[in-house]
Amino acid sequence: MKIHLTSVFVDDQAKALRFYTDVLGFVKKHDVPLGETDRWLTVVPPEDPDGTELLLEPAHHPAVKPYRDALVADGIPLAQFTVDDVRAEYARLREHGVRFTQEPLEMGPVTTAVFDDTCGNLIQLASQA
């Protein structure tokens with residue numbers, strides 16, 4: 001068993017696609033219209049195009065807003081992405097105007113940082129020392 005797909009709820013799929021591709025560096029894998037306005041929209045890391053997909057899922061369900069608001073209010077990331085070097089990625093993303101809620105922090109063998117994905121979520125970056 002392995003994880004094939006996971007999702008983040010986003011306020012605006014077009015905005016999310018721009019952020020996740022242009023800023024974070026993912027590439028679009030699937031973009032299938034669903035109904036009048038929504039899409040089955042996934043991204044993947046460019047170095048692993050057949051790996052786990054991230055679904056940029058519309059945040060229409062009534063439970064999503066209170067759930068995400070509570071996570072953001074408490075500073076809890078919705079997802080975690082692994083990078084080779086959190087400090088280098090932090091610097092790169094800051095140059096692109098990404099707002100961080102937690103600067104790089106060493107916790108034993110792991111370094112983490114947390115940023116706002118501009119679509120309603122906090123995302124944690126992590127790397128092994």
Side-chain angles (χ1 to χ4, degrees):
M1 188 177 303
K2 66 180 184 176
I3 298 170
H4 171 72
L5 176 94
T6 191
S7 63
V8 293
F9 291 106
V10 298
D11 300 328
D12 179 316
Q13 285 185 300
K15 178 182 175 184
L17 181 61
R18 284 189 301 275
F19 182 81
Y20 277 79
T21 57
D22 296 346
V23 176
L24 297 184
F26 290 99
V27 295
K28 181 171 57 174
K29 173 121 184 194
H30 295 288
D31 190 352
V32 179
L34 296 174
E36 296 292 318
T37 60
D38 296 335
R39 298 144 68 181
W40 180 264
L41 183 59
T42 67
V43 295
V44 294
E47 64 277 354
D48 192 11
D50 295 320
T52 303
E53 296 176 46
L54 180 65
L55 174 63
L56 304 177
E57 187 164 356
H60 302 313
H61 191 281
V64 172
K65 183 173 176 24
Y67 170 68
R68 288 193 314 166
D69 287 351
L71 289 177
V72 169
D74 289 344
I76 299 171
L78 180 68
Q80 182 183 82
F81 301 153
T82 301
V83 295
D84 291 333
D85 181 339
V86 165
R87 292 185 186 284
E89 194 65 16
Y90 170 83
R92 183 187 78 78
L93 292 175
R94 291 276 307 211
E95 287 178 8
H96 286 312
V98 174
R99 185 180 72 82
F100 279 80
T101 62
Q102 177 202 305
E103 295 184 3
L105 176 64
E106 292 181 23
M107 296 182 286
V110 177
T111 302
T112 65
V114 178
F115 67 87
D116 180 336
D117 77 349
T118 74
C119 304
N121 307 293
L122 297 179
I123 306 293
Q124 184 174 66
L125 299 176
S127 65
Q128 296 284 331

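Remember, predicted model here, so these are calculated numbers, not experimental data.
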So which heavy atom on Pro66 is nearest to which on Pro62, and how close?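 Here Pro66 and Pro62 meet closest at CD-O, 3.2 Å.
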Atom of Phe9, atom of Ala59 and distance for their closest heavy-atom approach: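 Heavy-atom minimum between the residues: CB-CB, 3.9 Å.
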Qualifying residues under side chain to side chain contact (heavy atoms under 4.5 Å, CB included), relative to [X], sequence neighbours excluded:
| X | value |
| --- | --- |
| Lys28 | Leu17, Asp31, Leu41 |
| Thr111 | Val86, Pro104, Glu106, Ser127 |
| Val27 | Val44, Pro46 |
| Glu47 | Pro45 |

Is it the case that atom CD in Glu103 sees more than 12 heavy atoms from other parts of the structure closer than 6.0 Å?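 Count not over threshold, so no.
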With sequence neighbours excluded, give me every side chain to side chain donor-acceptor pair (under 3.5 Å) pair touching residues 8-18.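 Every side chain to side chain donor-acceptor pair (under 3.5 Å) pair that includes a residue of residues 8-18, provided the two are not neighbours, is Asp11-Arg68.
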Can you tell me how far the [atom1] atom of [X] sits from the [atom2] atom of [Y], to the nearest 0.5 Å?
| X | Y | atom1 | atom2 | result |
| --- | --- | --- | --- | --- |
| Ile123 | Leu93 | CD1 | CG | 11.5 Å |
| Thr42 | Leu56 | OG1 | CG | 8.0 Å |
| Arg99 | Asp116 | CZ | CG | 4.5 Å |
| Asp84 | Gln128 | CG | CD | 11.5 Å |
| Thr6 | Leu78 | OG1 | CG | 8.0 Å |

Members other than [X] in its cluster, when Ile, Leu, Val, Met, Phe, Trp, Tyr link by side-chain heavy atoms under 4.5 Å?
| X | result |
| --- | --- |
| Met107 | Leu105 |
| Val32 | Leu5, Leu34, Trp40, Leu55 |
| Ile3 | none |

Side chains of [X] and [Y], heavy atoms from C-beta outward: is any pair under 4.5 Å?
| X | Y | value |
| --- | --- | --- |
| Asp117 | Phe19 | yes |
| Lys29 | Asp50 | yes |
| Leu122 | Leu71 | no |

Answer yes or no: is there a donor N or O on one side and an acceptor on the other, between the side chain of Arg92 and the main chain of Val23, under 3.5 Å? yes
Short question: side chain of Gln102, backbone of Thr112 - any donor-acceptor pair under 3.5 Å?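 Yes, Gln102 side chain to Thr112 backbone: donor-acceptor pair under 3.5 Å.
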Of all residues at least two apart in sequence or in a different chain, which pass the ring pair (Phe, Tyr, Trp, His ring centres under 6.0 Å) check with Phe26?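 Expected list: Phe81.
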With hydrophobic residues grouped by side-chain heavy-atom distances under 4.5 Å, do Val114 and Val8 end up in a single group?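 No: no chain of side-chain contacts under 4.5 Å links Val114 to Val8.
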Considering only residues two or more places apart or on different chains, which pairs with a residue in residues 42-74 satisfy ring-ring contact (aromatic ring centres under 6.0 Å, His included)?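 The answer is none; no pair qualifies.
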Can you list every ring-ring contact (aromatic ring centres under 6.0 Å, His included) pair that touches residues 101-126, not counting sequence neighbours? Phe100-Phe115
Thr101: side-chain hydrogen bond (donor to acceptor under 3.5 Å, both in side chains) partners, not counting sequence neighbours: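 Thr101 satisfies side-chain hydrogen bond (donor to acceptor under 3.5 Å, both in side chains) with no other residue.
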